[in-house]
Amino acid sequence: MTILDRFSQKGRVALVTGGGRGLGFEIARALAEAGAHVVVTGRTAATLDEAVEKIAAAGGSASAAAFDIADRAAQRAALAAIEERHGRLDVLVNNVGARDRRPLSQMDDEAIDELVRTDFSAAASLSRDAAAIMMRQASGRLIAVTSIGGHVAMPNDGVYPAAKQALTGLMRSMAVEYGPYGITSNAIAPGWFATETNAAMAANAELMPFVRQRIPVQRWARADEIAGAALFLASDAASFVNGHVLVVDGGMTVRM
Ligand SMILES: NC(=O)c1ccc[n+]([C@@H]2O[C@H](COP(=O)([O-])OP(=O)(O)OC[C@H]3O[C@@H](n4cnc5c(N)ncnc54)[C@H](O)[C@@H]3O)[C@@H](O)[C@H]2O)c1
Ligand SMILES: O=C(O)[C@H](O)[C@@H](O)[C@H](O)[C@H](O)CO
């Protein structure tokens with residue numbers, strides 16, 4: 001077996017939440033290109049169908065499951081369908097993350113709860129139920145897409161960084177709890193990526209002096225620059241990497 005073989009996802013089944021667009025789509029595309037069957041989830045069936053078509057057109061294998069990530073019954077149904085159809089689940093990427101760019105002082109109780117439910121609690125229940133399948137196989141990969149938000153905080157960004165840090169803490173607990181069962185848990189913490197959701201900010205020329213000053217590589221990341229980190233953590237090449245946060249931010253958080 002060569003080192004490149006250790007990156008292969010052949011014969012594996014992966015579930016990528018929020019895989020219809022943005023970073024989730026790039027992660028799904030990479031896992032499929034490496035040989036996995038990838039199930040992408042999200043709320044909009046048409047977006048997911050388009051993602052599945054793109055992956056299939058490139059020779060990959062994918063299917064879609066449309067549901068709100070916070071809907072626990074729908075989560076369980078999606079996992080049951082994967083078990084029934086494929087008999088296994090090798091990789092879970094908790095990529096869904098809602099954004100609420102408001103200071104805490106402007107967020108009411110419902111807004112706080114909703115953000116935590118979507119960005120943290122949904123990943124906790126889905127990971128628990130996915131890990132139950134992975135424990136029966138004695139192998140699996142749990143990957144959380146967190147953020148540099150929380151390592152550092154932006155003004156007017158009240159709760160999102162806290163939800164992402166909660167997800168980081170969960171990843172570490174899972175690394176300890178599930179490590180004995182052959183399941184690794186890791187996080188990817190992206191910096192500033194020019195995905196659809198950031199399109200207006202990425203196109204804003206007034207922000208570029210800040211970007212050049214704060215990000216050592218002096219630019220926004222392309223969405224596909226997340227893919228290598230995800231494939232690595234999902235692969236046998238990362239078999240002894242457990243409980244790690246892989247920061248992908250062009251050096252933004254290490255700059256004084
Ligand atoms: N783009 C960045 O710069 C950046 C930086 C750090 C972290 N992140 C994180 O990376 C992840 C992907 O970000 P992105 O830029 O691709 O954003 P995005 O908004 O395009 O992706 C989020 C995905 O999750 C889905 N989603 C959101 N709420 C959902 C819900 N309640 N139920 C089901 N699906 C839901 C969206 O439809 C979308 O497919 C997020 O967790 C985000 O917090 C992004
Ligand atoms: O943690 C995050 O999700 C990121 O920081 C993103 O929100 C953006 O890249 C940044 O805020 C600039 O728009």
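Note that the numbering runs from 1 along the sequence shown for the chain. Every heavy atom of this structure was used, including side-chain atoms; hydrogens, water molecules and symmetry mates were not. Just so we're clear, the structure is a prediction, and the values are computed from it rather than from any experiment. One-based numbering, in listed order, for ligands and for the atoms of each.
At most 12 non-hydrogen atoms from other residues, nucleotides or ligands lie less than 6.0 angstrom from CG of Asp109. In Glu33, the CD atom is not crowded: 12 or fewer heavy atoms of neighbouring residues, nucleotides or ligands sit closer than 6.0 Å. Environment of CD in Glu206: sparse, with no more than 12 heavy atoms of neighbouring residues, nucleotides or ligands closer than 6.0 Å.
Those atoms of ligand 2 with a heavy atom of Met154 less than 4.0 angstrom away are 11 (O). Taking every heavy atom of Trp192 and a limit of under 4.0 angstrom, the matching atoms of ligand 1 come to 3 (O). Close approach of ligand 1 to Gly22 (heavy-atom distance below 4.0 Å) involves ligand atoms 16 (O). Of all atoms in ligand 2, numbered sequentially from 1 with element shown, those under 4.0 Å from a heavy atom of Tyr160 are 1 (O), 2 (C), 3 (O). Near Arg21, meaning under 4.0 Å from any of its heavy atoms, are these atoms of ligand 1: 18 (P), 19 (O), 20 (O), 38 (C), 39 (O). Near Asn198, meaning under 4.0 Å from any of its heavy atoms, are these atoms of ligand 1: 1 (N), 2 (C), 3 (O).
Of the protein's non-hydrogen atoms, the one nearest atom 3 (O) of ligand 1 is Phe193 N, 2.8 Å. If you check which protein heavy atom lies closest to atom 1 (O) of ligand 2, you get Ser147 OG, 2.3 Å. The protein atom (non-hydrogen) at minimum distance from atom 13 (O) of ligand 2 is Met201 SD, 2.9 Å. Here the protein heavy atom with the shortest distance to atom 17 (O) of ligand 1 is Thr197 CG2, 3.4 Å. Nearest protein heavy-atom neighbour of atom 31 (N) of ligand 1: Asp68 OD1, 3.2 Å. Of the protein's non-hydrogen atoms, the one nearest atom 39 (O) of ligand 1 is Gly18 O, 3.5 Å. Distance from atom 9 (O) of ligand 2 to its nearest protein heavy atom, with residue and atom name: Asn198 ND2, 3.2 Å. In this structure, the protein non-hydrogen atom closest to atom 42 (C) of ligand 1 is Tyr160 OH, 3.6 Å. For atom 10 (O) of ligand 1, the nearest protein heavy atom (residue, atom name, distance) is Val145 CG1, 3.3 Å. In terms of protein heavy atoms, atom 27 (C) of ligand 1 is closest to Arg43 NH2, 3.2 Å. Given atom 5 (O) of ligand 2, the protein heavy atom at minimum distance is Arg99 NH2, 3.7 Å. Scanning the protein for heavy atoms near atom 6 (C) of ligand 1, the closest one is Pro190 O, 3.2 Å.
For Phe67, the heavy-atom gap to ligand 1 drops under 4.0 angstrom. Under a 4.0 Å heavy-atom criterion, Gly97 is not in contact with ligand 2. In this structure, Thr146 counts as a contact residue of ligand 1, since one of its heavy atoms falls inside 4.0 Å of the ligand. Contact annotation: Lys164 has no heavy atom less than 4.0 Å from any atom of ligand 2.
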(request) Take Ser239 and Thr184 through the test side-chain contact (heavy atoms from CB on, under 4.5 Å) and record every step on the way to the result. (result) CA-CA 8 Å; Ser239 49; Thr184 63; over 6 Å; no
(request) Assess whether side-chain contact (heavy atoms from CB on, under 4.5 Å) is satisfied between Arg141 and Asn186, documenting all intermediate values. (result) CA-CA 8 Å; Arg141 294 280 185 267; Asn186 292 288; 5.8 Å; no
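Nearest heavy atoms, Glu225 versus Phe193: C-CE2, 4.0 Å. Nearest approach of Leu92 to Met134, heavy atoms of both residues: N-CE, 3.7 Å. Across all their heavy atoms, Asn242 and Ala175 have their closest contact at ND2-O, 3.0 Å. Of all the heavy atoms in Asp100 and Met107, the pair that sits closest is OD2-CE, 3.6 Å.
Taking only non-hydrogen atoms, the option from Gly191, Ala189, Ala199 nearest to atom 4 (C) of ligand 1 is Gly191. Comparing Asp119, Thr195, Asn95 against atom 14 (P) of ligand 1, the shortest heavy-atom distance belongs to Thr195.
The closest donor-acceptor contact from the side chain of Asn198 to the backbone of Met201 lies at 3.5 Å or more, if one exists at all. Between the side chain of Lys164 and the backbone N or O of Asp119 there is no donor-acceptor pair closer than 3.5 Å. A donor-acceptor pair under 3.5 Å is absent between the side-chain atoms of Thr44 and the main chain of Ala46, judged by distance alone.
Look at Glu177 and Arg172 and you find no salt bridge, because none of the NZ, NE, NH1 or NH2 atoms lies under 4.0 Å from a carboxylate O. In summary, Arg117 and Glu114 do not engage in a salt bridge, as defined by a charged side-chain N under 4.0 Å from a carboxylate O. A salt bridge links Asp236 with Arg12: the closest approach of a Lys/Arg side-chain nitrogen to an acidic carboxylate oxygen falls below 4.0 angstrom.
Note that the OG atom of Ser147 and the CD1 atom of Ile188 stand 12.5 Å from one another [nearest 0.5 Å].
Contact annotation: for Arg101 versus ligand 2, heavy atoms closer than 4.0 Å belong to the side chain alone. Contact annotation for Arg99 and ligand 1: no heavy atom of the residue comes within less than 4.0 Å of the ligand. Heavy atoms of Ile69 found under 4.0 angstrom from ligand 1 belong to the backbone as well as the side chain. Neither the backbone nor the side chain of Phe210 has any atom closer than 4.0 Å to an atom of ligand 2 (non-hydrogen atoms only). Using a 4.0 Å cut-off between heavy atoms, Leu23 contacts ligand 1 through both its backbone and its side chain.
Val93 and Val245 fall into different hydrophobic clusters, defined by Ile, Leu, Val, Met, Phe, Trp and Tyr side-chain heavy atoms under 4.5 Å apart, directly or through other members. Linking Ile, Leu, Val, Met, Phe, Trp and Tyr residues whenever their side-chain heavy atoms come within less than 4.5 Å leaves Leu231 and Leu4 in two separate clusters.
Not a single N or O atom of Thr118, backbone or side chain, sits closer than 3.5 Å to an N or O atom of ligand 1. Considering both main-chain and side-chain atoms, Gly97 comes within under 3.5 Å of ligand 1 through a nitrogen or oxygen pair. Between Gly19 and ligand 1, not a single N/O pair is under 3.5 Å apart. Checked by distance only, ligand 1 and Ala70 stay at 3.5 Å or farther apart across all their nitrogen or oxygen atoms. Between Ser147 and ligand 1, no pair of N/O atoms sits closer than 3.5 Å.
Within the cation-pi definition used here (under 6.0 Å to the ring centroid, within 45° of the axis), Arg99 qualifies as a partner of Tyr160.
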